[in-house]
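Structure, as structure tokens:
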Protein chains: 2
Amino acid sequence: MPQAERAGAMRARLLDATIGCVAELGYGGASTNDIVRRARVSRGALAHHFPTKADLVSAAAQRLLESKVDEFRARFGAIAPDRRTPAEGLGVLWSFYADTGGLVLLELMVAARHNPELAEVLAPMPDRIAEVTAEVFTEFFPDLADRPFLSEALRGVHALFSGLALNALPDGDPAGRGAEVRAFVKLLVSAAPHLHDAAFLIPDPA
Amino acid sequence: MPQAERAGAMRARLLDATIGCVAELGYGGASTNDIVRRARVSRGALAHHFPTKADLVSAAAQRLLESKVDEFRARFGAIAPDRRTPAEGLGVLWSFYADTGGLVLLELMVAARHNPELAEVLAPMPDRIAEVTAEVFTEFFPDLADRPFLSEALRGVHALFSGLALNALPDGDPAGRGAEVRAFVKLLVSAAPHLHDAAFLIPDPA
DNA sequence: CCACAAACAGGCAAGCCTGCCTGTTCGCGC
DNA sequence: GCGCGAACAGGCAGGCTTGCCTGTTTGTGG
């Protein structure tokens with residue numbers, strides 16, 4: 001096996017093991033020992049590719065973020081064309097936060113507060129996700145592309161979902177008691193296309 | 001000083017120091033050494049009142065949660081009566097998440113995933129907050145008390161705000177790029193009372 | 001007034017984690 | 001075929017953390 005490929009595979013294994021350990025043990029509980037054990041790699045190899053732990057987790061965060069973005073595109077594209085409604089898209093968005101990867105992202109997010117290197121990687125995340133979401137949205141629903149407050153609404157939905165995932169964290173159940181809220185949002189989104197003018201939203205000064 | 005009072009004060013100092021350390025160093029970075037140093041207390045005293053670290057942080061979480069609930073009530077009541085609109089209330093809600101205490105709550109939230117004792121304390125939190133919020137809301141806006149989806153909307157706003165706070169975490173700025181989203185939500189909330197019937201929300205089957 | 005228990009002080013030991021260091025194998029270019 | 005450097009293996013040391021353990025003071029009830 002050529003050198004480059006070997007190193008790449010090793011890096012990938014290390015990164016995946018890191019993500020797995022964070023998912024399983026939490027950011028605080030994931031030690032480099034656990035990681036090398038899970039990846040079936042020696043400590044030396046880890047040190048060779050990622051001199052410091054911050055390098056490792058930063059790279060893992062990057063990998064996870066990109067993989068999830070791709071996954072998001074794929075899942076959205078996988079919806080049957082005749083069922084591609086914004087409301088249906090919400091399910092895809094939710095899956096972005098509800099699964100294991102989303103959990104890890106959450107954990108890394110708060111860890112970033114005391115890890116500048118991680119913060120640097122994760123800071124552009126909300127914008128990146130919003131960007132991709134908007135991109136996909138305007139691709140599949142071109143007639144809704146220039147709705148007022150579209151960007152704000154999309155970002156809001158993302159924030160809402162990450163908040164729901166967060167709140168559901170302590171009681172183990174990934175769905176938590178957020179199901180009703182999600183249903184409500186779905187209702188709202190279903191209705192939104194029928195509001196052809198947002199002017200009425202401006203409260204009556206009277 | 002009587003015994004009970006002394007012990008109470010000690011407990012309070014320990015708990016406050018714990019919250020302070022978590023705020024400053026993060027959950028993972030807050031060691032019992034830091035805590036006793038900050039509280040000006042000996043290790044023995046800590047061990048006496050909180051045999052294990054989990055006991056300590058659980059108690060601290062409890063204290064923080066209750067203090068924030070009280071603070072929420074107080075801040076809401078402090079709004080000038082003639083300015084008490086739901087939209088104005090959003091500011092209070094946001095302050096709940098934007099300040100230091102909210103940050104700590106976020107951090108403890110994700111920490112709870114691998115700390116059953118903490119989880120037990122924090123699990124009822126979303127419900128508790130929703131409850132208090134609904135209570136305050138119906139007290140100040142009795143005519144809006146039985147709006148459809150009120151509970152869902154309130155819970156949604158909370159989730160949204162916690163998500164915004166979370167997303168703003170990596171870039172240090174507590175406000176982050178969430179200001180536009182909050183403005184949008186404010187607009188939505190301002191408009192909501194003018195929608196006297198939610199029936200139109202049901203999408204036209206045609 | 002005394003005995004007792006709670007409250008508090010400080011130190012000790014075991015365990016773990018991270019970073020580095022030396023040694024070995026493998027692939028690549030000449 | 002050979003030398004060189006990257007890739008990898010495994011162990012060592014320093015530092016830190018947590019929980020416990022012994023010793024001392026202080027308040028309380030009989």
Side-chain angles (χ1 to χ4, degrees), chain A residues 1-61 107-108 111-112 114-118, chain B residues 1-61 107-108 111-112 114-118:
Chain A
M1 196 185 300
Q3 220 170 25
E5 187 180 338
R6 197 156 47 114
M10 177 67 77
R11 272 181 60 100
R13 261 170 56 197
L14 250 1
L15 261 31
D16 287 338
T18 303
I19 296 171
C21 279
V22 172
E24 194 171 311
L25 309 166
Y27 176 79
S31 75
T32 56
N33 281 327
D34 298 321
I35 292 169
V36 298
R37 200 176 308 136
R38 177 184 267 251
R40 313 291 189 85
V41 163
S42 69
R43 292 194 58 72
L46 172 65
H48 181 69
H49 290 284
F50 304 99
T52 173
K53 191 181 179 180
D55 294 326
L56 177 64
V57 294
S58 299
E107 205 133 351
L108 294 181
H114 293 279
N115 188 330
E117 224 166 319
L118 235 184
Chain B
M1 197 183 300
Q3 221 170 24
E5 186 180 338
R6 198 156 46 115
M10 176 68 78
R11 272 181 60 99
R13 261 168 59 196
L14 250 0
L15 261 30
D16 286 338
T18 303
I19 296 171
C21 279
V22 172
E24 194 171 310
L25 310 166
Y27 177 79
S31 75
T32 56
N33 282 327
D34 299 321
I35 292 169
V36 298
R37 200 175 307 136
R38 176 183 268 251
R40 312 289 190 86
V41 162
S42 69
R43 294 194 58 72
L46 172 66
H48 181 68
H49 289 284
F50 304 98
T52 173
K53 190 180 179 181
D55 294 326
L56 177 63
V57 295
S58 299
E107 205 132 351
L108 294 181
H114 293 280
N115 189 330
E117 225 166 319
L118 235 184

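Reckoned from all heavy atoms, side chains included, excluding hydrogens, waters and symmetry mates. Convention: sequence-line order gives letters A, B, ...; per-chain numbering from 1.
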Practice task
Would you kindly compare B:G44 and B:H48 by the position of their nearest DNA chain C nucleotide and give the one closer to the 5′ end?
Solution key: B:H48

Fill in the blank from the handout: Per nearest nucleotide of DNA chain C, the residue lying toward the 5' end, B:R40 or A:K53, is B:R40

Closest nucleotide among [options] to the [X] side chain:
| X | options | result |
| --- | --- | --- |
| B:A45 | C:dA9, D:dT17, D:dG10 | C:dA9 |
| A:S42 | D:dA9, D:dA7, C:dC8 | D:dA9 |
| A:V41 | C:dA7, D:dA9, D:dT18 | D:dA9 |

Return no unless some side-chain N or O of [X] is found under 4.0 Å from OP1 or OP2 of [N].
| X | N | value |
| --- | --- | --- |
| B:T52 | D:dG19 | yes |
| A:H49 | D:dA6 | no |
| B:T32 | D:dT18 | yes |

Exercise for the section: Answer whether the closest heavy-atom distance between the side chains of A:F50 and A:I35 falls below 4.5 Å. Expected result: no

Exercise for the section: Determine whether A:N33 and A:R43 make a side-chain contact, defined as any pair of heavy atoms from C-beta on separated by less than 4.5 Å. Expected result: yes

Mind calculating the distance between [atom1] ([X]) and [atom2] ([N]) to the nearest angstrom?
| X | N | atom1 | atom2 | value |
| --- | --- | --- | --- | --- |
| A:R11 | D:dC8 | CZ | P | 11 Å |
| A:L46 | D:dA9 | CG | C1' | 12 Å |
| B:N33 | C:dA9 | CG | P | 15 Å |
| A:R6 | D:dA9 | CZ | C1' | 13 Å |
| B:R13 | C:dC8 | CZ | C1' | 11 Å |
| B:D55 | D:dT18 | CG | P | 13 Å |
| A:I35 | C:dG19 | CD1 | P | 11 Å |
| B:M10 | D:dT25 | CE | P | 16 Å |

Problem - Side-chain-base donor-acceptor pair under 3.5 Å for B:R43 and D:dG19 - result: yes

Exercise for the section: For the pair B:R13 and B:D16, find out whether any cationic side-chain nitrogen is under 4.0 Å from an anionic carboxylate oxygen. Expected result: no

Exercise for the section: Hey, could you give me the CG/OH distance between B:L118 and B:Y27, rounded to the nearest 0.5 Å? Expected result: 5.5 Å

Exercise for the section: Apply salt bridge (Lys or Arg N to Asp or Glu O under 4.0 Å) to A:E107 and list each qualifying residue two or more places apart in sequence or on a separate chain. Expected result: B:R113

